[in-house]
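What follows is a single structure, written as structure tokens, with notes after it.
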Amino acid sequence: MTALEAAPLEEVLRDVLDGVKFEDVPHLEDLTTDHMALVMLRVQQMRRAKIKAIEKLSEQVAEAVKKATKTRARAFLDTPGTQDYRTQASKFEAADDVFAAEALKATLEAAREYLKLLKDDWDTCRSINTNQRAEKNATEGYGS
């Protein structure tokens with residue numbers, strides 16, 4: 001499934017249609033050239049927004065890893081006993097921070113995969129648009 005397949009077309013285009021509603025919303029493959037331009041504009045907006053989200057998530061992951069590392073190091077240094085005991089105690093102390101960092105890493109990976117889906121949607125839109133232009137060139141003499 002692509003990012004565009006996961007939402008109704010009106011929802012995908014809501015930001016670029018300025019409140020205009022489609023009657024009997026067509027499938028992506030059946031859109032006119034004008035509609036396709038709107039879809040491509042929306043996909044670009046979605047891609048840019050996802051890139052910003054990935055940037056923010058990357059920073060959050062780095063901060064979470066830093067926090068987990070500091071927690072573990074502080075616990076290791078502050079715990080008396082053998083090295084093995086101190087290691088286990090520090091792992092235990094940092095477990096929640098490590099979990100939080102791993103959860104953020106999973107969210108970041110999901111955002112990166114979503115960005116790949118948006119690229120697929122962009123490529124699909126370009127292909128459909130190219131096919132529509134080629135068909136008009138062949139049947140109606142556009143571009144000659």
| task | Enter the distance from Asp78:CG to Glu93:CD here, rounded to the nearest 0.5 Å. | result | 9.5 Å

| query | Mind checking what makes side chain to side chain donor-acceptor pair (under 3.5 Å) contact with Glu109, not counting sequence neighbours? | reply | none

| query | Under the side chain to side chain donor-acceptor pair (under 3.5 Å) test, which residues partner Asp96, sequence neighbours left out? | reply | none

Side chains of residues 46-61: which donor-acceptor pairs under 3.5 Å do they make with residues two or more places apart or in other chains?
{"residue": "Arg47", "atom": "NH1", "partner": "Gln44", "partner atom": "OE1", "Å": "3.0"}
{"residue": "Ser58", "atom": "OG", "partner": "Ile54", "partner atom": "O", "Å": "2.9"}

| message | Can you list everything that forms a side chain to side chain donor-acceptor pair (under 3.5 Å) with Lys105? Sequence neighbours excluded, please. | response | Glu102

| Can you find a heavy atom in the side chain of Leu115 that is under 4.5 Å from one in the side chain of Lys119? | no

Under 3.5 Å, sequence neighbours excluded: what are the donor-acceptor pairs made by side chains of residues 68-77?
{"residue": "Thr69", "atom": "OG1", "partner": "Val65", "partner atom": "O", "Å": "2.8"}
{"residue": "Thr71", "atom": "OG1", "partner": "Lys67", "partner atom": "O", "Å": "2.9"}
{"residue": "Thr71", "atom": "OG1", "partner": "Asp97", "partner atom": "OD2", "Å": "2.6"}
{"residue": "Arg72", "atom": "NE", "partner": "Ser90", "partner atom": "OG", "Å": "3.3"}

| Taking only residues two or more places apart in sequence, or in another chain, which ones meet Lys91 in a salt bridge (Lys or Arg N to Asp or Glu O under 4.0 Å)? | none

| query | Roughly how far apart are Asp121 CG and Leu117 CG, rounded to 0.5 Å? | reply | 7.0 Å

| Trace of the side chain to side chain contact (heavy atoms under 4.5 Å, CB included) decision for Arg42 with Gln45 | CA-CA 5 Å; Arg42 182 61 183 140; Gln45 290 172 337; 3.3 Å; yes

| note | By side chain to side chain donor-acceptor pair (under 3.5 Å), Glu113 pairs with (sequence neighbours left out) Lys116

